[in-house]
Amino acid sequence: MAGNGGDTRVLVTGSNGQLGMELQRLYKEGRFKEGPMLFADMDVLDICNWSDVRSYLGVNRINVVINAAAYTNVEQAETDESAAYAVNRDGVGVLAQVCAELGIYLVHISTDYVFDGTQDEPYREDDRPNPTGVYGASKRAGEEEMLKAGGDGLIVRTAWLYSAFGKNFVKTMMRLSRERSELHVVADQFGSPTWARDLAEALLVMIGAGHRAHKRGIEIFHYTNEEHCSWCEFAMAIMHKIHANCVVNPIATSEYPATCRRPMYSVLDKTKVKRVYGLYIPTWEAALDKMLADPELKIQ
Ligand SMILES: NC(=O)c1ccc[n+]([C@@H]2O[C@H](COP(=O)([O-])OP(=O)(O)OC[C@H]3O[C@@H](n4cnc5c(N)ncnc54)[C@H](OP(=O)(O)O)[C@@H]3O)[C@@H](O)[C@H]2O)c1
């Protein structure tokens with residue numbers, strides 16, 4: 001643990017996921033100077049366990065929680081509804097209630113999939129959620145738990161996350177580029193690919209004591225990398241950048257076998273997060289270049 005001696009004591013839950021690992025790496029690089037950060041995944045702290053959560057937060061004198069724990073398998077959630085709701089709604093409810101009770105600032109991560117994708121302009125924080133699948137519905141239910149519990153904190157919605165850590169679209173495309181000469185990828189669903197490291201950096205700014213001091217209640221923010229594309233354009237960019245010999249063919253959503261109905265357009269408007277926190281946000285293509293050069297990137 002880097003020797004940070006400030007007053008802020010941060011806990012990151014779900015710390016072995018993509019976002020959690022990027023937060024761990026930034027902390028090890030000395031990028032958070034306001035106090036110690038503790039990292040706990042499921043094996044150390046199950047966010048669904050009320051008494052464990054209460055005791056962990058109290059004993060460790062935590063005053064900021066970043067909740068990176070979630071059930072994130074969008075397809076599997078359709079047939080495993082109770083598991084998705086257990087973590088994404090009930091686990092968030094536990095964290096939100098305990099944080100509200102103990103006066104802990106909770107930063108919870110949510111998703112673009114709370115929207116139905118019928119809009120043709122970027123979704124703002126106050127646009128009406130209307131999820132199309134179980135994953136999105138369970139994440140929206142988590143947001144509602146947090147709003148209901150009160151207390152102080154942020155709901156930060158992001159989208160299409162990838163990183164050198166864990167499983168994600170970029171790593172899947174890299175693996176498939178070695179196994180196949182041709183791929184078919186959906187070309188009529190649009191969103192903003194987001195490097196988990198960029199989101200992690202933004203979160204470290206957002207939890208800064210200077211910003212927290214001016215925030216009361218729960219506020220929603222949108223954060224993704226800049227600009228948007230279709231899954232097909234994203235796949236083509238990955239293949240191009242890694243010089244793969246694999247042709248990517250566009251197909252329609254209707255031609256792709258999926259159990260979950262995903263939003264067709266889930267681009268998030270980031271005007272608010274840029275204005276309030278003064279953030280510079282890289283484009284998804286610039287972020288992809290950096291991720292592809294990440295020394296941690298290993299493809300099985
Ligand atoms: N991935 C995306 O494309 C995407 C898009 C939009 C929003 N988001 C949101 O962004 C956040 C971070 O996503 P991510 O991609 O970093 O997720 P991830 O890689 O799937 O990591 C989630 C972590 O949470 C852990 N976890 C699951 N249940 C838990 C529990 N009950 N208690 C404690 N930890 C638990 C998981 O452990 P196991 O692996 O052992 O289950 C995993 O280590 C999530 O809130 C997600 O909903 C993600």
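Counting starts at 1 for both ligands and their atoms, in listed order.
Within the 4.0 Å heavy-atom shell around ligand 1 one does not find Thr13. Residue contact annotation: Gly166 has no non-hydrogen atom under 4.0 Å from ligand 1. Using a 4.0 Å cutoff on heavy atoms, Asn73 does not count as a contact of ligand 1. The shortest heavy-atom distance from Gly91 to ligand 1 is not under 4.0 Å. Taking a 4.0 Å cut-off on heavy atoms, Gly20 fails to register as neighbouring ligand 1. Look at Tyr71 and you'll find every heavy atom at least 4.0 Å from all atoms of ligand 1. Within the structure, ligand 1 lacks Tyr162 among the residues with a heavy atom less than 4.0 angstrom away.
Within a 4.0 Å radius of atom 41 (O) of ligand 1, the protein contributes no non-hydrogen atoms. Atom 10 (O) of ligand 1 is approached by the protein to below 4.0 angstrom, counting heavy atoms only.
Relative to atom 18 (P) of ligand 1, the option among Ser163, Gly14, Gly17 with the closest non-hydrogen atom is Gly17. Remark: among candidates Lys139, Lys167, Gln18, the nearest residue to atom 15 (O) of ligand 1 is Gln18, based on non-hydrogen atoms. Proximity annotation for atom 6 (C) of ligand 1: of Val94, Asn67, Thr158, Leu23, Thr158 comes nearest, heavy atoms only.
A distance of 12.5 Å separates CE in Met37 from CZ in Arg9, rounded to the nearest 0.5 Å. For the atom pair CG (Asp90) and CD (Glu145), the distance works out to 6.5 Å, reported to the nearest 0.5 Å. Met173 CE to Lys241 NZ: the interatomic distance, rounded to the nearest 0.5 Å, is 16.0 Å. Rounding to the nearest 0.5 angstrom, the gap separating the CG atom in Asn63 from the OH atom in Tyr105 is 12.0 Å. Summarising the geometry, atom CD1 belonging to Ile104 is positioned 4.5 Å from atom CG belonging to Leu102; distances are rounded to the nearest 0.5 Å.
Contact record, Ser15 with Gln24: O-NE2, 2.8 Å, taken as the closest heavy-atom pair. Nearest approach of Gly14 to Asp41, heavy atoms of both residues: C-OD1, 3.0 Å.
Note: no N/O pair closer than 3.5 Å links Ser110 and ligand 1 by distance alone. For a threshold of 3.5 Å applied to N or O pairs, the pair formed by Ile109 and ligand 1 contains at least one separation below that value. The shortest N or O to N or O distance between Leu19 and ligand 1 is under 3.5 Å. On a distance-only criterion, Leu161 and ligand 1 share at least one N/O pair closer than 3.5 Å. Residue contacts with ligand 1: Ala69 is placed with no nitrogen or oxygen under 3.5 Å of a nitrogen or oxygen of the ligand (distance criterion only). For ligand 1, the polar-atom distance check finds an N/O of Asp46 within less than 3.5 Å of one of the ligand's N/O atoms.
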Would Tyr123 and His222 count as a ring pair (Phe, Tyr, Trp, His ring centres under 6.0 Å) if you check the C-alpha gap in whole Å, the side-chain angles of each, and the deciding distance to 0.1 Å?
CA-CA 9 Å; Tyr123 282 92; His222 288 172; 8.0 Å; no

The test is side-chain hydrogen bond (donor to acceptor under 3.5 Å, both in side chains); show your working for His108 and Asn67 and say whether it passes.
CA-CA 5 Å; His108 170 59; Asn67 179 33; 3.1 Å; yes

Checking Arg128 against Gln119 for the side-chain contact (heavy atoms from CB on, under 4.5 Å) test, could you report, in this order, the C-alpha distance in whole Å, the side-chain angles of both residues, the deciding distance, and whether it holds?
CA-CA 11 Å; Arg128 191 177 67 88; Gln119 235 173 246; over 6 Å; no

Would you check, one step at a time, whether the test side-chain contact (heavy atoms from CB on, under 4.5 Å) holds for Val87 with Ile47?
CA-CA 7 Å; Val87 183; Ile47 63 162; 4.1 Å; yes

Between Thr194 and Tyr223, is the side-chain contact (heavy atoms from CB on, under 4.5 Å) condition met? List the steps.
CA-CA 9 Å; Thr194 303; Tyr223 182 96; 4.3 Å; yes

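Ala70 CB, 3.5 Å is the protein heavy atom nearest to atom 44 (C) of ligand 1. The protein atom (non-hydrogen) at minimum distance from atom 32 (N) of ligand 1 is Ile47 N, 3.1 Å. Scanning all protein heavy atoms for the shortest distance to atom 30 (C) of ligand 1 gives Met42 SD, 3.1 Å. If you check which protein heavy atom lies closest to atom 8 (N) of ligand 1, you get Tyr135 OH, 3.6 Å. Among all non-hydrogen protein atoms, the one lying nearest atom 5 (C) of ligand 1 is Trp160 N, 3.6 Å. Atom 22 (C) of ligand 1 has its closest protein heavy atom at Ala68 O, 3.6 Å. Protein heavy atom nearest atom 37 (O) of ligand 1, with residue, atom name and distance: Asp41 OD2, 3.3 Å.
With a heavy-atom cut-off of 4.0 Å, His108 does not touch ligand 1 at all. Of all the heavy atoms of Ala159, the ones lying under 4.0 Å from any atom of ligand 1 belong exclusively to the backbone. Contact annotation for Thr72 and ligand 1: only side-chain heavy atoms (C-beta onward) come within less than 4.0 Å of the ligand. At a 4.0 Å heavy-atom cut-off, ligand 1 does not touch Asn168 at all. Of the heavy atoms in Phe165, none comes closer than 4.0 Å to ligand 1.
Side chain of Asp152 to main chain of Gly217: a donor-acceptor pair is present (N/O by atom type, distance under 3.5 Å, no hydrogens or angles). Of the possible donor and acceptor atoms, one in the side chain of Glu34 sits under 3.5 Å from a partner among the backbone N and O of Ala209.
A salt bridge is defined here as a Lys NZ or Arg NE, NH1 or NH2 lying under 4.0 Å from an Asp or Glu carboxylate O, and Glu75 with Arg262 meets this definition. Salt-bridge formation is not detected for the pair Glu144/Lys148: no Lys NZ or Arg NE/NH1/NH2 atom is positioned less than 4.0 Å from an Asp or Glu carboxylate oxygen. The pair Glu29-Arg197 meets the salt-bridge criterion, since a charged nitrogen lies less than 4.0 angstrom from a carboxylate oxygen.
The atoms of ligand 1 that sit less than 4.0 Å from any heavy atom of Leu45 are 32 (N), 33 (C). Close contacts of ligand 1 with Thr111, meaning ligand atoms under 4.0 Å from a residue heavy atom, involve 6 (C), 7 (C). For ligand 1, the atoms sitting less than 4.0 Å from at least one non-hydrogen atom of Asn16 are 43 (O), numbered in the order shown with element in parentheses.
In this structure, Trp284 and Phe234 have perpendicular ring planes: the angle between them is above 60°, well past the 30° mark.
No hydrogens or angles considered: nothing links the side chains of Thr172 and Lys167 as a donor-acceptor pair under 3.5 Å.
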